[in-house]
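All figures in this text were calculated on a predicted structure; none of them were measured in a lab.
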Amino acid sequence: MMEQSQLKRTTGLPGAVLLGLGSIIGTGAFVSIGFGAELAGSYLVWAIALAAVVAACNGLSSAQLAAIHPVSGGTYEYGYRFLNHDLGFTAGWLFVLAKSASAATASLAIGKTVAHAIGWSGYAEVGISIAVLALLTGLVMGGLKRSNRANAVLVAIAIAALVLFIGYSFTLDPVPSVLDAAQEPKHWSDILAAAALLFVAYTGYGRIATMGEEVTEPRHTIPRAIVTTVLVVTILYIFIGVALLNFPLGTAQSLVLADLVLAEHAPRWVYFALAIGAVIAMAGVALNLLLGVSRVVLAMARRKDLPPALAALNPQRTSAPAAILFTAGVMLALVLIGDLELAWSFSAFTVLVYYSLTNLAALQVSPDLRFVPRWISILGLLACLSLAAFVDLSVLGYGIGLIVIGLIWHRVRYSAAATSED
């Protein structure tokens, strides 16, 4: 009976790595590095390296947990098993909110980009965003195997566009650069704030852990997939950071890659190729976030932290239609009211808290099951809590407020369930 409620294991190492890359190479590569550059200036590469170290620690903690408890839900499930129900719920609550906001941001960015390219504006941007979200929802409804095929194409095109950007940057005279114009960071805390924003650009590897129920040989596949994903992305991000150092100071209003190319008056085909790559990469991010968030919704519904009806699977046990539609609905609402800049900063805070709980849960694993040293999880925990303190103060307030609201609701539901059992 239990087998009928479990998703099939159909994803191997290549598919798991593509899942992680598709979740990362989007807002991270095309937008987040620009946000980091505005704060860290010429120290951008150091901020990328710091974010990579934190990501590696968290990734290994996630791998430790996913290998011994390979079910859908990620830190939501780990929190319940290794910590307590309050912290488990908090992890799921933050994940659904933060990643739904990120997916909505990616969809809205696609709508704005496409509408701008064809001369539309206003409601057209939202309409295109909704159409993109509907298309991606249809792909995810078809199951993970079909989603992986689409994801492989999206990742390949996005990387090709980034390689084009990097290659073009090395044809430019390296004086004076955009990052030189940003000057040195005003304070060392700016580098840490940049690392906090850049860390979000790494956290797509978490999708691998949330898909633990569908990965073949999870104890071996999940750790290898996470480590491989972090290494590949770090190399790519460093190349992008170095490429930014080669860009002359132009009239760009931001450090978004496509804006830099446009400001440099590059050949139109270079600009359009990069813009198309950015749109496709954003689609990949939204696709993978829709998939990952729906699996956390599935796990929360199984434990009745969300309506149990959301835990229903299709007859083939390859998809969770109710959870996917619920997730798409949350993302749709955020598309209609979302703020791009606020959403990214909010994601930074909530993701750092989420991975703090991941490391805390990893520290509870018994020695006989451990293959990741405790010091890695300790370092990851301290790094996440430290970087969270450097996120914008208003975002800290919103994040803490939402955590409190969620815990109040959870406590009411938990108390009601305990009373009914008595």
Side-chain angles (χ1 to χ4, degrees), residues 23 26-28 30-32 35 92-141 147 154 197 200 204 207 254 256 258 275 278-298 300-301 306-307 309-310 320-351 354 392 394-395 397-399 401-403 405-406 409:
S23 300
T27 47
F30 290 92
V31 177
S32 178
F35 290 161
W93 175 246
L94 289 174
F95 185 90
V96 171
L97 288 176
K99 296 306 180 181
S100 292
S102 296
T105 299
S107 298
L108 192 57
I110 293 172
K112 288 180 177 294
T113 300
V114 174
H116 178 75
I118 58 181
W120 294 352
S121 61
Y123 291 114
E125 297 176 358
V126 176
I128 294 171
S129 302
I130 293 172
V132 168
L133 189 57
L135 175 62
L136 297 177
T137 300
L139 283 172
V140 175
M141 290 281 282
S147 300
L154 297 179
L197 294 180
V200 184
R207 303 302 80 71
S254 73
V256 175
V279 167
I280 290 175
M282 295 291 184
V285 167
L287 171 69
N288 285 285
L289 287 176
L290 180 59
L291 185 61
V293 173
S294 70
R295 294 313 191 247
V296 175
V297 169
L298 171 64
M300 295 182 77
L306 288 174
L310 297 177
I324 292 169
L325 291 174
F326 174 84
T327 302
V330 173
M331 293 175 178
L332 174 61
L334 291 169
V335 163
L336 297 174
I337 63 174
D339 181 296
L340 299 179
E341 185 175 353
L342 179 61
W344 190 259
S345 297
F346 179 74
S347 292
F349 172 75
T350 51
V351 165
Y354 176 86
D392 184 82
S394 63
V395 174
Y398 287 130
L402 284 172
I403 291 173
I405 291 171
W409 183 87

Does any part of the side chain of Val96, heavy atoms only, come nearer than 4.5 Å to the side chain of Met300, both counted from C-beta? yes
Tightest non-hydrogen contact, residues Thr137 and Leu133, listed as OG1-O, 2.7 Å
Taking every heavy atom of Phe346 against every heavy atom of Gly399, the minimum-distance pair comes out as CE1-CA, 3.9 Å
Pairwise side-chain contact, Leu325 with Met141, heavy-atom cut-off 4.5 Å (strictly under): yes
Heavy atoms of Ala281 and Phe30 approach each other most closely as CB-CE1, 3.5 Å
With no hydrogens and no angle check, is any side-chain donor or acceptor of Ser129 less than 3.5 Å from a backbone partner on Ser107?
yes
From the list Val200, Val395, Leu197, side-chain contact (heavy atoms from CB on, under 4.5 Å) with Ser347 holds only for Val200
Output for pair (Leu94 CG, Phe349 CZ), nearest 0.5 Å, gives 7.5 Å
Heavy-atom closest pair (Leu97 atom, Leu402 atom, distance to 0.1 Å) is CD1-CD1, 4.2 Å
Minimum side-chain heavy-atom gap Val296-Lys99 below 4.5 Å
no
Heavy-atom closest pair (Met282 atom, Ala106 atom, distance to 0.1 Å) is O-CB, 3.7 Å
The reported gap from CG in Leu310 to OG1 in Thr327 (rounded to nearest 0.5 angstrom) is 8.0 Å
CD1 (Ile324) and CG (Leu291) are apart, to the nearest 0.5 Å, by 7.0 Å
Walk me through whether Ile130 and Leu336 qualify under side chain to side chain contact (heavy atoms under 4.5 Å, CB included). CA-CA 9 Å; Ile130 293 172; Leu336 297 174; 4.3 Å; yes
Legend entry - Residue pair Leu136 / Val140, side-chain heavy-atom distance below 4.5 Å: no
Looking only at heavy atoms, the pair that brings Leu334 and Ala101 closest together is CD1-N, 3.5 Å
